[in-house]
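Each remark here refers to the structure printed beneath this line.
Basis for what follows: all heavy atoms, side chains included, without hydrogens, waters or symmetry-related copies. Here is how names work: the chains are called A, B, and so on, in the same order as the sequence lines, proteins then strands, and each is numbered from 1. Here the structure is a predicted model, which is why all the values come from computation and not from measurement.
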Number of protein chains: 2
Amino acid sequence: MSTRTAIGHSPAPRATRTRTRRPRAEREAQILDSARRIFSEKGYGEATVAEIASFAGVVEGTVYTYFASKRALLIAVMRVFFESLIAETETGLRAIRGVENQLRFLIRKQLEIFASDFGLCRVILREARPDLTLYDEAILELNRRYTGLALAVLEEGVATSVLRENIVPSVIRDLIYGGIEHAVWRFVFSERELDVGTLSDQLADSILGGIVCPCGNELPEQSETLTRLERVADRLEVSLDRSQS
Amino acid sequence: MSTRTAIGHSPAPRATRTRTRRPRAEREAQILDSARRIFSEKGYGEATVAEIASFAGVVEGTVYTYFASKRALLIAVMRVFFESLIAETETGLRAIRGVENQLRFLIRKQLEIFASDFGLCRVILREARPDLTLYDEAILELNRRYTGLALAVLEEGVATSVLRENIVPSVIRDLIYGGIEHAVWRFVFSERELDVGTLSDQLADSILGGIVCPCGNELPEQSETLTRLERVADRLEVSLDRSQS
DNA sequence: TTTTTTATTGAGTCTACCTCATTAATATCT
DNA sequence: AGATATTAATGAGGTAGACTCAATAAAAAA
């Protein structure tokens with residue numbers, strides 16, 4: 001009984017420092033969950049490994065028998081996040097017909113993710129992207145796979161002539177995900193509440209339809225058709241005038 | 001003479017540890033330059049205050065008589081960066097007529113900044129935005145002023161009917177700057193060389209004109225004009241037929 | 001029960017931000 | 001010019017947090 005806690009007279013009614021051994025997988029999951037939670041709450045830099053350990057019910061050193069570094073822990077958290085995100089998005093996409101609807105779905109889905117798990121999204125955006133050296137190859141691959149879903153839709157759109165043939169799919173993908181990201185930051189700073197439905201419609205409409213007023217004189221193909229039609233109209237009118245005289 | 005360096009027998013041919021006093025403004029500029037350089041090269045987290053001090057020719061403690069913290073140093077660097085960026089962009093914008101050309105200029109300018117000073121841009125993107133608590137109010141204001149330039153152009157475009165009346169300027173601004181940012185990251189990861197001209201055209205064309213193929217059936221106003229013309233053509237043809245019979 | 005294995009520990013190292021009492025270079029005064 | 005006052009500059013700590021490792025004890029195997 002006295003062997004339970006190292007020091008015989010320790011009262012320790014609070015600490016659950018029982019030193020119980022658990023199967024590796026279970027402990028790893030505990031630590032991973034704890035890390036996800038703490039990172040989401042406080043951000044990467046502000047979270048400490050000691051705090052993550054304590055929340056998982058272990059001591060700081062234990063974390064390092066499961067993960068090589070604080071960074072590795074973050075990467076593992078990100079992997080879990082991405083894998084479920086990709087799976088959800090893939091199944092959602094399969095249920096939707098039409099390139100335009102699929103693009104609208106992707107935009108809305110991304111906004112929903114931001115809204116529902118903003119803490120973690122913020123950490124990922126801050127830590128993952130700008131850190132080229134520490135950007136784990138596997139995470140880069142997951143990210144590629146995720147945004148690759150949008151790329152595939154865009155390419156199909158071009159192939160089926162739903163989208164203009166002269167667009168560059170990768171540029172449009174950047175426009176979509178970059179635009180969403182900035183729009184979300186805007187809401188975070190302004191502290192207004194994010195209306196996912198409205199914002200995703202605004203974004204989708206702008207991306208799909210562009211911003212230049214079509215009343216103008218700027219659409220080459222259409223205006224060519226128009227001038228040709230006008231020329232024919234002119235010719236017919238001349239004929240008509242002549243026949244009426 | 002022996003009072004020059006504290007310890008009499010110090011050889012110190014390398015160190016410029018002369019302990020010379022400089023006017024505050026000059027020293028501050030030295031430290032600021034050094035910080036900008038080191039931050040750009042190594043990033044915020046990897047740069048150490050000791051290194052910045054050493055490069056500026058002072059000792060670590062000296063930095064703290066000029067800047068309250070490492071973070072404050074970064075904010076000062078960012079302020080200098082933003083102020084010159086805003087000034088350049090404002091003068092450039094004044095020399096350009098037409099909303100569409102102005103938007104193309106803004107896009108190109110931003111891409112040029114990324115290409116020419118990528119190290120610092122990366123630090124700013126990583127450190128400034130996601131850190132709400134440490135985000136100095138003055139920097140937020142500078143950022144607002146910078147992207148506000150785009151906002152003004154967009155609003156003018158709507159007012160003069162060059163742009164569609166139903167667009168949301170702030171959303172378009174997010175699309176522009178977010179899209180540029182992601183496109184640049186893409187190039188960084190792929191390690192291909194960034195062609196500013198091509199990319200800015202691709203981005204501008206997509207944002208201005210949208211991605212949906214106009215050959216389709218989707219542009220209401222234009223097709224209205226078409227149907228009216230067709231109706232006139234019909235009428236003329238009928239008249240022509242009748243007169244020829 | 002005894003032995004082996006290995007998960008868990010916590011004390012200790014190291015690095016980097018930051019503080020502060022001391023020092024000496026310049027400016028001011030007589 | 002010499003004495004005094006001011007304050008820029010210093011560098012020796014303080015502290016926090018990531019990371020290491022030899023020792024320990026809980027579970028498994030013999």
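- Exactly one of L194(A), V184(A), I113(A) qualifies for a side-chain contact (heavy atoms from CB on, under 4.5 Å) with F118(A). That residue is V184(A).
- Residues of residues 24-31 of chain B that place a heavy atom closer than 4.0 Å to DNA chain D, in numerical order, are R24(B), R27(B).
- One end of the helix from dT1(C)-dA30(D) to dT30(C)-dA1(D) points its axis 10° away from the other end's axis, with each axis taken from 5 pairs and the angle rounded to 10°.
- A close approach under 4.0 Å does not occur between any side-chain nitrogen or oxygen of Y64(B) and OP1 or OP2 of dT19(C).
- As rounded to whole Å, 5 Å separates atom C1' of dA26(D) from atom CZ of R21(A).
- Close to dT10(D), at under 4.0 Å from its OP1 or OP2, lies a side-chain N or O of T62(B).
- Partners of A150(A) under the side-chain contact (heavy atoms from CB on, under 4.5 Å) rule, at least two apart in sequence or in another chain, are L106(A), R173(A), Y177(A).
- Each of R22(A) and A50(B) was matched to the nucleotide of DNA chain C holding its nearest heavy atom; the match closer to the 5' end belongs to R22(A).
- Partners of T62(A) according to the side-chain contact (heavy atoms from CB on, under 4.5 Å) rule, which considers only residues two or more places apart in sequence or in another chain, are V58(A), V59(A), T65(A), Y66(A).
- Taking 4.0 angstrom as the limit, Y66(A) places a side-chain polar atom (N or O) nearer than this to OP1 or OP2 of dT8(C).
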Scan nucleotides 12-16 of chain D against the protein and return all N/O pairs shorter than 3.5 Å with their distances rounded to 0.1 Å.
none

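- Judged as a salt bridge (charged side-chain N to carboxylate O under 4.0 Å, His left out), and not counting sequence neighbours, the contacts of E41(A) are R37(A).
- Legend: residues meeting side chain to side chain donor-acceptor pair (under 3.5 Å) with Q30(B), ordered by chain and number and at least two apart, are R27(B).
- For R144(A), the side-chain contact (heavy atoms from CB on, under 4.5 Å) partners are E137(A), L140(A), E141(A), not counting sequence neighbours.
- R145(B) meets the salt bridge (charged side-chain N to carboxylate O under 4.0 Å, His left out) test with no other residue; sequence neighbours excluded.
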Please tabulate, for side-chain N and O atoms in residues 73-90 of chain B, each donor-acceptor pair with protein atoms closer than 3.5 Å (sequence neighbours left out).
| residue | atom | partner | partner atom | Å |
| --- | --- | --- | --- | --- |
| S84(B) | OG | F81(B) | O | 3.4 |
| E88(B) | OE1 | K109(B) | NZ | 2.5 |
| T89(B) | OG1 | L85(B) | O | 2.7 |

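- With sequence neighbours left out, the salt bridge (charged side-chain N to carboxylate O under 4.0 Å, His left out) criterion links E193(B) to no other residue.
- Scored by the side-chain contact (heavy atoms from CB on, under 4.5 Å) test, A50(B) finds T48(B), E60(B) as partners (sequence neighbours excluded).
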